[in-house]
Amino acid sequence: MLGRTAGNGVEVRESLDHLTGAAHDPAQVAVTLDLAAELLVLGGLHDDVAAARAAAQRALEDGSAADRFARMVVALGGPADLLERAAEQL
């Protein structure tokens, strides 16, 4: 188990905490960035893993990863204020 929780709602909460910077587990972040980098290369968005990992790190640090997740939630019919009210909604 990579995360510290088990169960849909609490796992989503844990993910949101990492996306927004409310939590930081170095091992979990490292694995997530490594996986994201591989997917960015496989998807043709970056030519090499190092550049892809740096882009994923920037997205995490500047908040654009959290924003993208929130927009995906809205596109799937979820609440538009997920990031602002996550504790109340999960």
Side-chain angles (χ1 to χ4, degrees):
M1 178 168 92
L2 183 57
R4 304 218 183 275
T5 59
N8 191 9
V10 291
E11 288 177 19
V12 171
R13 178 73 228 178
E14 183 177 11
S15 297
L16 288 172
D17 285 348
H18 278 83
L19 285 170
T20 61
H24 183 77
D25 177 329
Q28 190 171 7
V29 171
V31 170
T32 301
L33 290 174
D34 288 344
L35 292 171
E38 292 292 339
L39 290 171
L40 290 168
V41 171
L42 288 172
L45 297 172
H46 288 278
D47 293 330
D48 64 83
V49 172
R53 193 177 197 289
Q57 179 74 43
R58 280 191 306 277
L60 187 59
E61 290 172 355
D62 70 16
S64 59
D67 180 61
R68 177 65 55 105
F69 181 79
R71 288 186 289 150
M72 290 188 309
V73 168
V74 169
L76 293 169
D81 60 352
L82 175 68
L83 295 179
E84 295 79 19
R85 298 183 51 212
E88 299 168 26
Q89 297 181 36
L90 296 175

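Positions are given from 1, in the same order as the sequence printed here.
- To the nearest 0.5 Å, the span separating CG on L45 from CG on L39 amounts to 10.0 Å.
- The environment of CZ in R68 is sparse: at most 12 heavy-atom neighbours from other residues, nucleotides or ligands sit within 6.0 Å.
- No donor-acceptor pair under 3.5 Å is formed between the side chain of D81 and the backbone N or O of E84.
- Annotation for A80 and V74: closest pair CA-CG2, 3.4 Å, computed over non-hydrogen atoms.
- For A36, the side chain to side chain contact (heavy atoms under 4.5 Å, CB included) partners are A56, not counting sequence neighbours.
- The shortest non-hydrogen separation linking A52 to L40 is O-CD1, 3.5 Å.
- Contact check for L82 versus L16: side-chain heavy atoms found under the 4.5 Å cut-off.
- Taking OG of S15 as the start and CD of Q28 as the end, the distance is 7.0 Å to the nearest 0.5 Å.
- Summarising the local packing, CG of D47 is surrounded by 12 or fewer heavy atoms from other residues, nucleotides or ligands at distances under 6.0 Å.
- In this structure, the side chain of H18 engages the main chain of D25 through a donor-acceptor pair within 3.5 Å.
- Under a hydrophobic-cluster definition in which Ile, Leu, Val, Met, Phe, Trp and Tyr are linked whenever side-chain heavy atoms come within less than 4.5 Å, directly or via other members, M72 and L60 are assigned to the same cluster.
- Listed here is the closest heavy atom pair of T20 and A66: CG2-CB, 4.3 Å.
- Distance check, rounded to the nearest 0.5 Å: CD of Q57 to OG1 of T32 gives 11.0 Å.
- Here the straight-line distance linking atom CD of E14 with atom CG of L19 works out to 11.0 Å at 0.5 Å rounding.
- Closest heavy-atom contact between H46 and A55: NE2-CB, 3.4 Å.
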